[in-house]
Each structure stands twice: as C-alpha cells, then as structure tokens.
Amino acid sequence: MFQTRSARLRYHLVAYTLLILASIILMSPLFFALSLALQGATAAPSLIPTDFTKLDWGVFAAVFEQQPIIARWIANSFVQASGVTIGVLITSSLLAYALSYLNFPGKTILLFFALGSLMIPFEVTLIPNYLFISRIGWKDSYQGLIVPFLASGFGVFLLRQYFMTLPRELYDAAVVDGCGRLRYLWSILLPLSRPALATLAVYTFLSTWNQFYWPLLVTNSNEWRTTQVGITIFRNFEYAVFNIQMAATLIVMLPTLILLVLGQRQLVRGLTAGALKG
Amino acid sequence: MNIDESIRTTMSLTHTPSEGRYEALKVWLARPRTRDLGRALLYSSPALLIFILFTYWPFFHAIYLSLNVTNNQGDAARFNGIDYYLRILALDGSGRTEYVESIFLSFQFALMVVPAAIVVALGLALLATLRVRYIEVFRTIFTSSIAISLASSGVIWALIYSPSTKATTWLVELLQIGTPSLLNSDSTALPAVALMTVWSGIGFNFIITLAGIQAIPQDLYESAAIDGASGWQGFRFITLPMLSPILLFLVVINTIGSLQAFTQFQLLFMDRAQTVFVHQIYRAFWNDNRYGLAAAMSLVLFAILLILTIIQYRVFDRKVHYQ
C-alpha cells in the first residue's frame, strides 16, 4: 500500500506516535494512582515520584496487613459476582429455550415481559426492593446481594438470539430420536452455545463486581461490604493516607482487568450485540 | 408435529357435542401447543419469579408509594394524591424549584458528557484502525476503562481533584476560580465530574464505535479512492453516514447513562447542596427517609428516560443511514 519505503516509515512513525500518546493520556489516572501508592505514607505526595530507587512496593502487602478486612470484601464480591453469574446463566438459558424452541400460547407476551424489564430503570425498583429486602431480614447477607439480580432481560435477549441461529432440524432430529427436552438443552444446545454463554458470563460478572449503589444500601456492617463500597469507606477513615487508599483501589481493580484481557473477545461480542443488528 | 396437531383437531371436531366439555378439555390438554405451555411455564418460572418479585412488583409498589406519605418503615401512612409530583415539578404554587433545577442540572451534565464521549470514542476508534503491528495492544488499552468501576474511578479522580496531591492545581490557577479545588467551585464542579465520566466511559464507547467502523464494507472506500476521494472525504461521506446508526445508539445509551449517573456524584459531590436528580433521589430516600417523595422522583426520572428514548429514535430514524 505504500509507494516508497520512506512513505511507509513516515506512516508508521505518525501512527505509533499518535497511538502511544493517546495511550499515555488514557492511562494517566492509573499512573497517578500507582505513583501515589508507591510513595509511602506521606500527606504531600508529588505527582511523579522524585526518587525511583525508593519506591515502596511493599504497600500492596501492607494493605492486607493494615486493613485485613479487604480480604473479606474481595471474598464478598467474588461470591456475589459468581452467584449472580451462575444464576443468570441458568434462568436466562431456561427462559430463552422456552422462547425459541417451544410453541405455546402467550409466547409473545412472555417475550415482552422479559424484555420489558429492561425498560424499568434501576432507580424506580430500588426503594421498594430495599424496603422488601430489609423487611425479610436479608440485609448484610449474600441472598440480599445476589437474589434480586438472578434474572436478566439482556441475558434472555442474547441467548434467544443465539439459540435461533442454530438449525431447527437438530432439535427435531433429537426429539425424534427420543431425546428429552431438558436433555437437549443440557447436552446439545448449551455446549453449542458456549460463545454466547461466555459472553453473558463475562458481562454479568464484570457488571456485578462493579456494582456500587445496591451493595451500599443493603450492607451495613463492615464485614458485609463489597470491594466497591469498601474502597470508598477507606477514603473516609484513612483520609490522609493516600498510598494505602490507592493501593487498595488498584488491588480491587485487578480481577476485572484480568477478566477483560482474557475475555475481551467475549465481552466485545456481548456489548456489540445490542448495537449491531444489521 | 403439525400433522399431529391437525389430526387431534379433526378428532375433536368429529366428537359429538353431547360428550361434553370434559372431553374437549382433554383434547385441548393433549394438544402439543398446550403440552408445551406447561413445559414453557416450568422453564420460565425461575426467571419470571425474579422479574415479578424484583422488577414488576416493585415498579407498581413504587407508583403506590409515590401517591402516599410514608412513615419511617416505608409504609404508606396517608394518601397524598399527586402532590409529590406537583412538588417535584414546581407546580404546587410554593415557588420551590430545587427539584426542577436538579433535573436541569442532570441535563446540563448529559450535554457535557455525551458529545465529548462520542468524539473521543470516534477519534480513538479511527486510531485503532491504523494498520500497524501490535494494534491489538493499543485496542486493549483503549478498552481497559470498561474494567474500571465507577467507584474505583471516583476514588482516583477525587484525589486528582484534591488540593493535597496538586495534580490539578495548575488548572485551578489557570481558571482563577478562587477555590482550592475544581470540585468546590459552582462553575467547575459539574465539568470536573463530566470529565471523569467521559474517561470512565471511553472503553465502552470505543469498542462499539470500532465494531461499527469494522462493519463498513471496505469496497466502499476502494471505489471512492478510484473516484479520487481524499481521506477526509472518505470519512465525511462514507464512515460518518454508515456509522450513524451506531452513533445514534451511543447518543441514546450515553444520555440515559448520564442522567442515571449516581456513583460519581456520591463520591465527588458529597455535601454539595445542589446536585443532579438521581443524587437528589438518593438523599430523599436515604438521608431523609422520605420514601413516597423519593418514589415519585424516581417515576419522574422513568418518564423522562422513556420520553427521551422515544424522541431520540423518532428524530434519528429519519436522519440516520441504514444500509
């Protein structure tokens, strides 16, 4: 595509300069957090560490020593995010299966019912849900953090779209051969739908891990907080200690960053599912 | 299976009426469509139960609460009609307009966030289509903010704006706002939160825009190049029109997201008197325990989001280009 070598060189030079510049600007808040974390317990940190030989890498271990509760917060977030993810996979695939393979009166209504849930904003259901959860004594519990999110309109939509692309003959043939409906779902449909399930799993885990509003309301005692709420509490009682605060923030970011790097393809597929429909 | 069904239907027609309703019921129950209904209900019931318990019932409960004055336990204490709605929309004649102002503030916030978010995403997506090695690495970097929660981001940006870290002191001095932090001044607090929100949303907006650009057929550019079109003309007359459905989607999603922004205001706007609508809802609900008022506010938000979605689709439907 290039006429001469120098044109090719110029293209690459400009391209890499722009790409690297954009990356540095984008990452600067993270560099800032890392810089503050590594400068020790000072109330007046500088923007860029003055002495790179004296960086305090032990701060990440120090977080767990000084604030052992953070391990519990991470565990809480893991239980919540995994619980919601597994639950959403089960409920969504069952409902999507009924909507794409079974023929019954009221099917359209059921579809609208599932997708209509996406039209009701979280803020509206928040207050009644909070009152309900506190009344049945589910504050400060895993049930309270997990159960309200066990069904997802997005999940039903995503899996139904995927199930519909699989050949119908497969289902008819399996039924003729005496395969039960549930067995078809479990041993044929779900293995075939692994890409869609992975997408839903990555997306659900990520958004649950990053929840802030709901855990803020339904957790009261320190040991029931999740990571997202936890790091903001840190901010209140450790106000002057920037290094611990930033190190903790970077630590709780790690699981989702790893998930993003490993599951980027799945995530991208899920995020674009709503936007790109031909 | 349709043959099966038609045989049964024919059978039911040949039955004499004297055999009664019971037989008809039995035939109806034996039809595959009916048998599937039972199964469908069984498979749907877990999801349906959750939708009913935690989405639909609360929705109607919120409407009920919004029409009542509630006690501290959240029970309706006295019927209030639409007084809360009138109060929120400043139609009750008291002249108190703080809720309308906070709705206005929410829209101001969305107007700051949405155009900036889309321009940045478009620029990064164009950069990410450059044909160089290791472009995947840069794409991952541009996507990374998806994995960073608003809470983490809020905690970091609170320190970026904090006078003690001196990260934004130069900006405070440049703007001469007369306060130690951007977050303390009325004129810069909202743009400061908007900047943080744009940063947090970059990953999502970038990924969607990039996917949209990659979906544009390459031969369009090739034939344009043969006709002598410049790179800019290719962008203006091919990329932008072909991308318009995606950009519309991003406008809708980002507007709705901005109007619903809570975490960043909870972290950065802590005790500011004037704040955005969703944060006001939280204060009415959490700080003041005024569940009825807060429910009415949340339903006003619901109406705003609904109207906005409808308008945006109507307007853009005529202007966007679908292939």
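Note that the structure is predicted; figures quoted are calculated from it, not measured. Letters A, B, ... are given to chains in the order of the sequence lines, protein chains preceding strands, and every chain is numbered from 1.
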Fill in: Point-to-point distance, once rounded to the nearest 0.5 Å, from OG1 of A:T125 to CZ of B:F302
11.0 Å
Item to complete: Determine whether A:T91 and B:L48 make a side-chain contact, defined as any pair of heavy atoms from C-beta on separated by less than 4.5 Å.
Response: no
Worksheet entry | Side chain, backbone, both or neither of B:I146 within contact of chain A (heavy atoms, under 4.5 Å) | both
Worksheet item: Where does A:V147 contact chain B at under 4.5 Å (heavy atoms): side chain, backbone, both or neither?
Response: both
Worksheet item: Is it the side chain or the backbone of A:I133 that comes within 4.5 Å of chain B heavy atoms, both, or neither?
Response: side chain
Discussion item. What I'd like to find out is whether the side chain of A:P29 reaches to under 4.5 Å of the side chain of B:W157, using heavy atoms alone.
Written reply: yes
Fill in: Proximity breakdown for A:A114 and chain B, heavy-atom pairs closer than 4.5 Å
both
Worksheet item: How far apart are the closest heavy atoms of A:G153 and B:F51, and which atoms are they?
Response: N-CZ, 3.6 Å
Discussion item. Please classify the contact of B:L305 with chain A as side chain, backbone, both or neither, using a heavy-atom distance under 4.5 Å.
Written reply: side chain
Worksheet item: In Å, rounded to the nearest 0.5 Å, how long is the span from CG of B:L37 to NZ of A:K107?
Response: 12.0 Å
Response to the item:
B:Q260 and A:F122 have their tightest heavy-atom pair at NE2-N, 4.3 Å
Discussion item. With no hydrogens and no angle check, just 3.5 Å: does a side-chain donor-acceptor pair link B:S149 and A:Q228?
Written reply: yes
Fill in: chain B contact via A:L182 - side chain, backbone, both or neither, heavy atoms under 4.5 Å
both
Discussion item. So B:S145 and A:L26, do their side chains get closer than 4.5 Å, heavy atoms only?
Written reply: no
Item to complete: Could you tell me whether the side chain of A:E123 reaches within less than 4.5 Å of the side chain of B:L299, counting heavy atoms only?
Response: no
Worksheet item: Relative to chain A, which segment of B:L124 carries a heavy atom at a distance below 4.5 Å: side chain, backbone, both, or neither?
Response: side chain
Worksheet item: Closest approach of B:A147 and A:L206, non-hydrogen atoms and distance?
Response: CA-CD1, 4.4 Å
Discussion item. Tell me whether A:R135 contacts the main-chain N or O of B:Q73 through its side chain, where contact means a donor paired with an acceptor under 3.5 Å.
Written reply: yes
Discussion item. Using side-chain heavy atoms (C-beta onward) and a distance below 4.5 Å, is A:I231 in contact with B:S152?
Written reply: yes
Worksheet, complete the sentence: Interatomic distance, CG@A:L257 vs OG1@B:T140, rounded to 0.5 Å, equals 11.0 Å
Worksheet, complete the sentence: Note: B:D36 and A:F104 closest approach over all heavy atoms is C-CB, 4.0 Å
Discussion item. I want to know whether B:Y56 and A:F113 have ring centres closer than 6.0 Å.
Written reply: yes
Practice prompt. For residues B:S144 and A:L260, report the shortest heavy-atom separation together with the two atoms involved.
Written response: CA-CD2, 3.4 Å
Item to complete: Would you mind checking which part of B:I135 comes under 4.5 Å of any heavy atom in chain A, side chain (CB onward), backbone (N, CA, C, O), both or neither?
Response: side chain
Worksheet item: What part of B:F285 gets closer than 4.5 Å to chain A, counting heavy atoms only: side chain, backbone, both or neither?
Response: side chain
Worksheet item: In terms of heavy-atom proximity below 4.5 Å to chain A, should B:L42 be classed as side chain, backbone, both, or neither?
Response: neither
Worksheet item: Are A:Y16 and B:R133 close enough that some pair of their side-chain heavy atoms sits under 4.5 Å apart?
Response: yes
Practice prompt. First locate atom CD of B:Q266, then atom OG1 of A:T232, and finally report the distance between them rounded to the nearest 0.5 Å.
Written response: 8.0 Å
Worksheet entry | Under 4.5 Å from any heavy atom of chain A - which part of B:L301 | side chain
Worksheet entry | Sole residue of B:W286, B:Y291, B:F54, B:Y282 in ring-ring contact (aromatic ring centres under 6.0 Å, His included) with A:Y130 | B:W286
Worksheet item: For the atom pair CD1 (B:I156) and CZ (A:F32), what is the distance rounded to the nearest 0.5 Å?
Response: 8.5 Å
Fill in: Contact check, side chains of A:F212 and B:L150, non-hydrogen atoms, under 4.5 Å
no
Item to complete: Mind listing the closest non-hydrogen atom pair of A:I127 and B:A295 along with its distance?
Response: CD1-N, 3.7 Å
Worksheet item: Is there a donor-acceptor pair under 3.5 Å between the side chain of B:Y43 and the backbone N or O of A:A96?
Response: no
Item to complete: Quick one: pull up CZ in B:R139 and CD in A:Q264 and give me the separation to the nearest 0.5 Å.
Response: 9.5 Å
Discussion item. Within the 4.5 Å heavy-atom criterion, are A:I20 and B:F138 side-chain neighbours or not?
Written reply: yes
Practice prompt. With a 4.5 angstrom heavy-atom cut-off, could you sort out which part of B:Y64 is near chain A: side chain, backbone, both or neither?
Written response: neither
Discussion item. Does any backbone or side-chain atom of B:L65 lie under 4.5 Å from a heavy atom of chain A? Answer side chain, backbone, both or neither.
Written reply: side chain
